[in-house]
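Chain naming here is simple, since letters A, B, ... match the order of the sequence lines and numbering starts at 1 in each. Owing to the predicted nature of the structure, the values given are computational and were not obtained by experimental measurement.
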Amino acid sequence: MIKITFPDKNVREYPKGTTSFEIAKSISEGLARNVLAAKVNGETWDASRPIDSDSTLQLLTWDDKEGKSTMWHSSAHLMAEALEALYPGVKFGIGPPVDNGFYYDVDLGGNTISSDDFKKIEDKMVELARKGSKYERTSVSKKDAIAFFTEKADEYKLDLLNDLEDGTITFYKQGNFTDLCRGPHIPETGFIKAVKLMNIAGAYWRGDEKNKQLTRIYGITFPKKSQLDEYLTMVEEAKKRDHRRIGKELEIFTFDDDVGPGLPLWLPNGGAIIEQLEKLAKSTEQAAGYSRVRTPHIARESMYLTSGHLPYYEDSMYPPMILEGEKYYLKAMNCPHHHKIYKELNPSYKDLPIRLAEYGTCYRYEQSGELFGLMRVRCLQMNDAHIYCTKEQFAEEFRAVNEMYLKYFKIFNIDKYVMRFSTHEPKKLGKKYVDEPELWLETEDMVRKVLIESNIPYVEVPDEGAFYGPKIDVQVWSAIGREFTLATNQVDFAVPRRFGLTYKNSQNKLETPICIHRAPLGTHERFIGFLIEHYAGNFPIWLAPKQVSILSISEKYNDYAKKLLQLLINSDIRGLVDSRDETIGKKIRDAEMKKIPFMLIIGEKEFNENKVSVRRHGSGDVGSFTIEEFAKMVQEEINNSLNINKQ
RNA sequence: GCCGAUGUAGCUCAGUUGGCCAGAGCUACUGAUUUGUAAUCAGUGGGUCGGGGGUUCGAAUCCCUCCAUCGGCUCCA
């Protein structure tokens, strides 16, 4: 007998060689029907794999993340089986589960496939799923595995086998399909009840653009048909939040062919949002001891040779303009310009820290395939600042920057993000990273310490640092699930030296400052793109491009409405009058669709009582107030939203 | 940059296998209406069918090429 310990610490005894499935069955038939896989001693196993020694056991169902991914992994095999049936001779790359489903990279030889073929493949998958074929695991020797895939002439699997050790190789077979796979898999194909292929794309073999491009087919499956419908509805809802769609509907920004790809035009509503963001940033930075500077959009080649950017990043910069034999580049970052300002200031230790802030406009020549609405553009304005400080001041400055991040997140109610702490890889010193082994370790320790002391949850990612130092990025996800760096906070102990930046210490000796590059609000483009999706276009009052729409019930009250608007403008409230010859129902509908936070309805009653009827976007009639009362209400709400920042 | 798809009026979209002056709704404009909490009625205007080239008696529709967008890959200081 063996002892099985369950997650609730309960222990039961079973005969040696009992499977997780049998254990589930001993608990309840219902559970057994839902078990997709099992976690045995922390490792995910097939539910049908015999357990031979005392173990901890967690049964995995659709409700567990690992249960889902096991199901999707098995679904990839099912799709492969269908593809092999429909397109004989197809070769397979890799077919893993992902966050929302699975994909398989395939080489179709001479065949091509498009989304028109999805139905056919889905039908085949459903047909094969209904057979309820078992996923059978077998261990094979490397020699036999190579023989098998040589026979199939599948060079991709053979390539994968190269990296595997003899004795660790397993095959999984379901129906007529056998794949090289470490597993685990669900018990049988019958668990897959609903199948949907989502899209098709090219993907380089092993992610290397020098390799052949395979066809990647994405799909998703569910144990119930209704779950697929729910998922598809959810995807549709997410698409409605897409900033590209809302940005157009609410007239926030646009792109124009003649202006060029990745170069957004901010419409008046977008301009209004930017205005508010900058106001927030500038007052916050002023309170935190930053100085505002301004620098040109271009600079000579020599500056980027000094900074070290040119040899590494020239491909990402717009090509130079040549004037009187000199090369000028559009700036892709503000730091070199700021370093030059620091140098001009020629400070002593008594002047540090020096914090230089600028909403600098940068141009980056992103690859055409990378552009994505406002989230990835070629012209961007950064909430940039560079803090120059001594090593002793670093921790405090870095902590203050992090606190500023958290204050902003509170104001915007941003809670779904991950702080990613990127460090260096010692083997790449002198190549990817400046060769300062001690400074790397020292600053990484300082950063880590600040994160821990400030109680900020983070994930540490080795080998993702900037070339000049470690960094912290704030990762967020777009409506359609793409990951982005929203904000960044970087340590730079290398470039100041390249620029010869110094300060006199108390012993009258020259030292090089550490520089912190920080952009808590990222860029206007990405940040507003993110906010549009975050709020689904329903901006908080302080940020809404138009805060109030004054709706006159008939043209008789247009003059009164215009007088009210002027009073609101005097109170620093952004509004408009809808004086069209339309019914009040229509005016309300339009204001609701434009997501304007407040509507003031003005008719005979309001005119006589010298009041306004207030309607709130999304919630309806709020009641009747004087214009002064209303203005006060709006201002209080704005103060409440922003006061978090003051404290 | 690579693979695949898409590109019709300001916006959202129809336009069967190439065949009468290219359609609808919303928007805009004009007129009627003077309205009470999510669409008043009627009329009018508006399109080099992404650009260029080709095939054809005839192209929005087929072919080539360029541009842009979308989904991925690669990249992301």
- Task: Give a yes/no on whether any side-chain N or O of A/R244 is located under 4.0 angstrom from OP1 or OP2 of B/G71.
- Result: yes
- A/S316 side-chain proximity, nearest of B/U35, B/A77, B/G72: B/A77
- Message: Say we look at B/G23 and B/G45: how far apart would their C1' atoms be, to the nearest angstrom?
- Response: 16 Å
- Message: Taking pairing as Watson-Crick or G-U wobble with both contacts under 3.5 Å, can you name the mate of B/C41, or confirm there isn't one?
- Response: B/G31
- Provide the Watson-Crick or G-U wobble partner of B/A5, both distances under 3.5 Å; none if there is no partner. B/U69
- Task: Measure from the side chain of A/Y313, starting at C-beta and using heavy atoms only, and say which of B/A77, B/A28, B/G36 lies closest.
- Result: B/A77
- Message: Check this for me, if you would: do A/K239 and A/E236 make a salt bridge, where the nitrogen-to-carboxylate-oxygen distance has to be below 4.0 angstrom?
- Response: yes
- Query: Say you pick atom P in B/G72 and the same atom in B/G31; how far apart are they, in whole Å?
  - Reply: 49 Å
- Message: Classify A/T485 by what it touches in the nucleic acid, base, sugar-phosphate, or nothing, heavy-atom distance under 4.0 Å.
- Response: nothing
- Relative to the ring of A/Y557, is the ring of A/F607 parallel (under 30°), tilted (30 to 60°) or perpendicular (over 60°)? tilted
- Message: Rounded to whole Å, how long is the line connecting atom CD1 of A/I550 with atom C1' of B/G36?
- Response: 17 Å
- Return the nucleotide paired to B/A24: Watson-Crick means purine N1 to pyrimidine N3 with N6-O4 or O6-N4, wobble means G-U with N1-O2 and O6-N3, both under 3.5 Å. B/U12
Can you pull every protein N or O that's under 3.5 Å from an N or O on nucleotides 2-7 of chain B?
from : atom 1 : to     : atom 2 : distance (Å)
B/C2 : O4'    : A/Y204 : OH     : 3.3
B/C2 : O2'    : A/Q213 : OE1    : 2.5
B/C2 : O2     : A/Y204 : OH     : 3.4
B/C2 : O2     : A/Q213 : NE2    : 3.1
B/C3 : O4'    : A/Q213 : OE1    : 2.2
B/C3 : O2     : A/G202 : N      : 3.1

- Query: Rounded to the nearest Å, what distance is computed from the CD atom of residue A/E366 to the C1' atom of nucleotide B/C75?
  - Reply: 8 Å
- Query: Can we say A/R206 and A/D163 salt-bridge, meaning some charged N sits less than 4.0 Å from an Asp/Glu carboxylate O?
  - Reply: yes
- Take atom P in B/G71 and the same atom in B/C13, then report the distance between them in whole Å. 14 Å
- Task: For A/E606, report the nucleic acid contact type (base, sugar-phosphate, nothing); a contact means any heavy atom under 4.0 Å.
- Result: base
- Item | Whole-Å gap separating P (B/C26) and NZ (A/K594) | 17 Å
- Message: As a test of understanding, state which of A/W72, A/F92, A/Y218 forms a ring-ring contact (aromatic ring centres under 6.0 Å, His included) with A/Y104.
- Response: A/F92
- Message: Salt bridge or not between A/R615 and A/E592? Use side-chain N to carboxylate O under 4.0 Å.
- Response: yes
- Query: A/I94 CD1 to B/C73 P: how many Å, rounded?
  - Reply: 11 Å
- Closest to the A/K471 side chain, choosing from B/U35, B/A77, B/U69: B/A77
- Among B/C75, B/G72, B/G36, the one nearest A/R216 by side-chain distance: B/G72
- Query: To the nearest angstrom, how far is A/I588 atom CD1 from B/G36 atom P?
  - Reply: 10 Å
- Query: Do NZ/NE/NH1/NH2 and the carboxylate oxygens of A/K327 and A/E314 come within less than 4.0 Å?
  - Reply: no
- Item | Residues A/E249 and A/R245 bridged, charged N to O under 4.0 Å | yes
- Task: Report the nucleotide, chosen from B/A77, B/U37, B/U35, that has the shortest atom-to-atom distance to any side-chain atom of A/M317.
- Result: B/A77
- Scan every strand shown for a Watson-Crick or G-U wobble partner of B/G47, both distances under 3.5 Å, and answer none if you come up empty. none
- Less than 4.0 Å between a side-chain N and a carboxylate O, is that true for A/R420 and A/D473? yes
Pairwise N/O distances under 3.5 Å, protein to nucleotides 39-41 of chain B:
from  : atom 1 : to     : atom 2 : distance (Å)
B/A39 : N9     : A/R589 : NE     : 3.4
B/A39 : N7     : A/R589 : NE     : 3.2
B/A39 : N7     : A/R589 : NH1    : 3.1
B/A39 : N7     : A/R589 : NH2    : 3.3
B/A39 : N6     : A/R589 : NH2    : 2.4
B/A39 : N1     : A/R589 : NH2    : 3.2
B/U40 : OP1    : A/T583 : OG1    : 3.4
B/U40 : OP2    : A/T583 : OG1    : 2.7

- Message: Just the rounded figure in Å: distance from P of B/U35 to NZ of A/K587.
- Response: 12 Å
- Message: At 4.0 Å (heavy atoms only), tell me whether A/Y103 reaches a base, stays on the sugar-phosphate, or touches nothing.
- Response: nothing
- Should the ring pair A/Y359 and A/H524 be called parallel, tilted or perpendicular, given that the plane angle runs from 0 to 90° and is split at 30 and 60? parallel
- Message: Suppose you measure atom C1' in B/G53 against the same atom in B/C67; what distance do you get, rounded to whole Å?
- Response: 15 Å
- Message: Check A/K119 with A/E122, please: is the shortest side-chain N to carboxylate O separation under 4.0 Å?
- Response: no
- Rounded C1' spacing from B/U17 to B/U12 in Å: 27 Å
- Message: Over all strands shown, is A/R615 touching base, sugar-phosphate only, or nothing at heavy-atom distances under 4.0 angstrom?
- Response: base
- Quick one: on RNA chain B, does A/D315 or A/K248 contact a more 5' nucleotide (nearest heavy atom)? A/K248
- Query: With sequence neighbours left out, what residues match A/S368 under side-chain contact (heavy atoms from CB on, under 4.5 Å)?
  - Reply: A/R378
- Task: Take atom CZ of A/R378 and atom C1' of B/A77, then tell me their distance rounded to the nearest Å.
- Result: 17 Å
- Would you kindly check whether a donor in the side chain of A/R364 faces an acceptor in the base of B/C75, or vice versa, at under 3.5 angstrom? no
- Which base, if any, makes a Watson-Crick or G-U wobble pair with B/A59, both distances under 3.5 Å? none
- Item | Any donor-acceptor N or O pair under 3.5 Å, side chains A/W205, A/D107 | no
- Message: Rounding to an integer number of angstrom, what distance separates B/A60 and B/U56 when you compare their C1' atoms?
- Response: 16 Å
- Task: Considering only atom P, compute the distance from B/U48 to B/A5 and round it to an integer number of Å.
- Result: 28 Å
- Give one of base, sugar-phosphate or nothing for A/A332, where a contact means two heavy atoms less than 4.0 Å apart. base
- Message: Check this for me, if you would: do A/K212 and A/E155 make a salt bridge, where the nitrogen-to-carboxylate-oxygen distance has to be below 4.0 angstrom?
- Response: no
- Query: Base, sugar-phosphate, or nothing for A/F372, non-hydrogen atoms under 4.0 angstrom?
  - Reply: sugar-phosphate
- Roughly, in whole Å, what's the span from CD in A/E251 to C1' in B/A28? 13 Å
- Task: Tell me which of A/P261 and A/Y218 sits closer to the 5' end of RNA chain B, going by the nucleotide each one is nearest to.
- Result: A/P261
